[in-house]
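Both ligands and their constituent atoms are indexed starting at 1 by order of listing. This chain uses plain numbering: 1 for the first residue, then up along the sequence.
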Amino acid sequence: MKTKKILLPESQLPAQWYNIVGDMPNRPLPPLDPKTRRPVMPEQMNGLFAEELVRQEFSTERYIDIPEPVRELYKIYRSTPLVRAYGLEKALDTPARIYFKNESVSPVGSHKTNTAIPQAYYNHRQGIRRLTTETGAGQWGSAMAMACNHFGIALEVFMVKVSYMQKPYRKMMMNTWGAEVHASPSTLTEAGRAALARNPDDSGSLGMAISEAVERVFLNPEQTRYCLGSVLNHVLLHQTVIGEEALRQMELFDDYPDTVIGCFGGGSNFGGIGFPFLRENLTHGRKTRIIAVEARSCPKLTRGRFEYDFGDTAGFTPLFPMYTLGHDFHPSDIHAGGLRYHGAGPIVSQLLRDGLIEAQAVPQLETLEAGILFARTEGIIPAPESAHAIAAAIREARRAGEEGTPRTILFNLSGHGQIDLLAYERFLAGELRDPEVSDEELRRSLDRLAPIVG
Ligand SMILES: *Cc1c(COP(=O)(O)O)cnc(C)c1O
């Protein structure tokens, strides 16, 4: 009998997160205060994030212990299965062995709970009563809603308007766990009102929703904090449970990947699966290719510029060193809402600059086609975001076929698509297209950045 999937017993779940900053040949540049252009001190971020999260954001320790209450909650769904995709391999008639890590089994259907749980926990431990956040496709908002409910924290979510309209079930999930949800841009904040004055039909963006959520913290700064679902170092740190488990599970399959793939919005699921394998490259001479796959209509890694830029549209955050399209770049309304973010996290950006990871961009239609093939061969309907990783895995498997070389490919299935069915319906009806981003459009967006941050 062939082994299809491997899970780990609870006793073997990771006890620590892996902080790749401790092993990077060049550490990420520091975030800067936009007014003084001097490095931001950790204390300056304590008003926005829980103190322990700020400590982790600046940490260079290689390993950080996962607190017991967090490990307990992880057990609701961890370990997640590592699965051999025999069905997909057969359909592709490839000599490659394809594995995927199935993060879709979490209560909200994606990897986002891996960081939502510790973020809610550290805020709770500090006595914070209220959190604000943004959400794109609704995965992050759902994860925070679940985690905040557990720790008795009130949550306010700003949801990108296009997703709010397309994905009413995500809003219902958040409401079920007790969170309050607003379509962004909203009339509740200065940033939202200004956006609506410029364009009443503004469909929103993650950058704008972040501005709104951050602005709300100032309403009650004593007891309110903000939390972010991707991009920042502490978020990527928490996601490394994915790769740490996968390393052990690959060992139990008696195999090792030469290619590890994650889709890319801000870098959290990519870093989560990739960094533990990159550690093996950096410290044990392994040569695994680690590939980030972005949406071709939001191409910060493949066509963006490495530059200090704001994390949000209104410019409330510090300046982060990142591959960016410019903080007011407005991505097309593709269905992979979680990939519609203008920048890449500082760690991933530095790793790409140093040539330690690779980046690819895949167009929407190819990703949905890949998602459908995956659904029909492996049974799981993937999130449109995750379908980017599948599309890249299929490309790699086809290349293995052409070259006639065996390959071992591992990708992260960051989430399922059961609440994104509209994307598949529209694809099957032939209604979707591949939005193009012109060089001119990118240049204009980046030119707007120069006088502000330069
Ligand atoms: C949020 C999300 C992403 C993109 O965010 P990253 O931080 O880049 O991982 C990808 N897939 C799913 C299912 C998501 O919910």
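For the pair Arg78 and Glu103, the salt-bridge criterion is met [side-chain N within less than 4.0 Å of a carboxylate O].
Some N or O of Gly267 is nearer than 3.5 Å to an N or O of ligand 1, by distance alone.
Comparing heavy-atom distances from atom 3 (C) of ligand 1 across Lys112, Arg340, Gln139, His416 singles out Lys112 as nearest.
Protein heavy atom at the shortest distance from atom 4 (C) of ligand 1 is Gly338 O, 3.5 Å. Scanning all protein heavy atoms for the shortest distance to atom 7 (O) of ligand 1 gives Ser230 OG, 2.5 Å. Protein heavy atom in closest approach to atom 8 (O) of ligand 1: Gly265 N, 2.6 Å. Residue, atom and distance of the protein heavy atom nearest to atom 11 (N) of ligand 1 are Ser414 OG, 2.7 Å.
Remark: side-chain polar atoms of Asp354 are not paired, donor with acceptor, to backbone N or O of Leu356 under 3.5 angstrom. In terms of modelled atom types and a separation under 3.5 Å, the side chain of Thr377 and the main chain of Leu373 share a donor-acceptor contact.
Contact between Gln239 and ligand 1 is absent, with no heavy atom of the residue lying under 4.0 Å from the ligand. Look at Phe264 and you'll find a heavy atom under 4.0 Å from some atom of ligand 1.
Side chain to side chain, Glu156 and His182 meet the donor-acceptor criterion of an N or O pair below 3.5 Å.
By the 4.5 Å heavy-atom criterion applied to side chains, Arg170 and Met159 are counted as neighbours. Using a 4.5 Å heavy-atom threshold, the side chains of Gln239 and Ile242 count as touching.
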